[in-house]
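Here, residue 1 is the first one in the sequence, and each next residue gets the next number. Only heavy atoms go into these numbers, but all of them, side chains included; no hydrogens, no water, no symmetry mates.
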Amino acid sequence: MANTQAMCNSFKSELLQGIHVFTATNPVRVVSTADAFKVALFTVGATINAQSTAYASTNEVATSGTYSAGGATITAGSGWNSITIGTQTTTTGIAYTTPTASLAWTGVTFASFDCALLYNSSQSNKAVAAYTFSAQTVTSGNFTLTMPTNAASTALLNIGP
């Protein structure tokens, strides 16, 4: 099977349960810090898609250079933009957010890979979304995941129609 880009089905249900916290203030859970989210890269042989429920290392790219198993944490320096409620049409609202900085790995060697999994490492590694791109191979080089503009039509995490 192949990797398929999608928001994970389990994440949609977990949103309604108040499991994921993207901001430091949350009326559902009494917390003073946001959950930690990570991004891991997967080979073309993986099956990461809407049915993915949690991060697992099966078919993750090999640990190399600055890439560690489990991928990179979206930290304070590359944290989430404010959750924005925008209007996509006159009748339908949309919520979206994007990390404020790109994620980069240096000195890496990765065999053919084409997928990034966003997951919540604070909540049992629960899957959030899978993102696919054309197959890449890096040999003793650098790889950067450039984050999109934080807007309704381009945000990394977009909840709406």
To the nearest 0.5 angstrom, please state how far the [atom1] atom of [X] sits from the [atom2] atom of [Y].
X	Y	atom1	atom2	result
Cys115	Tyr131	SG	OH	10.5 Å
Tyr119	Ser124	OH	OG	12.0 Å
Asn150	Thr100	CG	OG1	9.5 Å
Asn59	Thr47	CG	OG1	7.0 Å
Gln5	Phe133	CD	CZ	10.0 Å
Leu118	Ile48	CG	CD1	12.5 Å

Has [X] got a side-chain atom pairing as donor or acceptor with [Y]'s backbone, closer than 3.5 angstrom?
X	Y	result
Thr97	Leu157	no
Thr109	Thr139	no
Gln123	Ser121	no
Ser102	Met147	yes
Asn3	Ala130	no
Tyr55	Gly70	yes

Closest non-hydrogen atom pair between [X] and [Y], with its separation:
X	Y	value
Gly65	Val108	CA-CG1, 4.2 Å
Ala36	Ser122	N-OG, 2.7 Å
Ala116	Leu41	CB-CD2, 3.9 Å
Ala155	Pro148	C-CG, 4.0 Å
Ser52	Ala127	O-CB, 3.5 Å
Thr137	Ala111	OG1-C, 4.3 Å

Are Tyr67 and Phe143, when compared by the centres of their aromatic rings, separated by less than 6.0 Å?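 Between Phe143 and Tyr67, which both carry aromatic rings, the centre distance is not below 6.0 Å.
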Taking the side chain as every heavy atom from C-beta outward, state whether [X] and [Y] have any pair of such atoms under 4.5 Å apart.
X	Y	value
Trp105	Asn142	no
Thr98	Thr149	no
Gln136	Asp114	no
Thr73	Phe37	no

I'd like to know if the side chain of Thr53 pairs up with that of Gln51 as donor and acceptor (distance under 3.5 Å, no hydrogens or angles considered). no
Distance-only side-chain donor-acceptor flag, Asn49 / Thr4, under 3.5 Å: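 Not at all, the side chains of Asn49 and Thr4 share no donor-acceptor pair under 3.5 Å.
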If two hydrophobic side chains count as joined below 4.5 Å and joins carry through other members, does Phe42 share a cluster with Leu145?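 In one cluster: no.
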Would you say Leu117 ends up clustered with Leu103 if hydrophobic residues are merged whenever their side chains have heavy atoms under 4.5 Å apart, either directly or through other cluster members? no
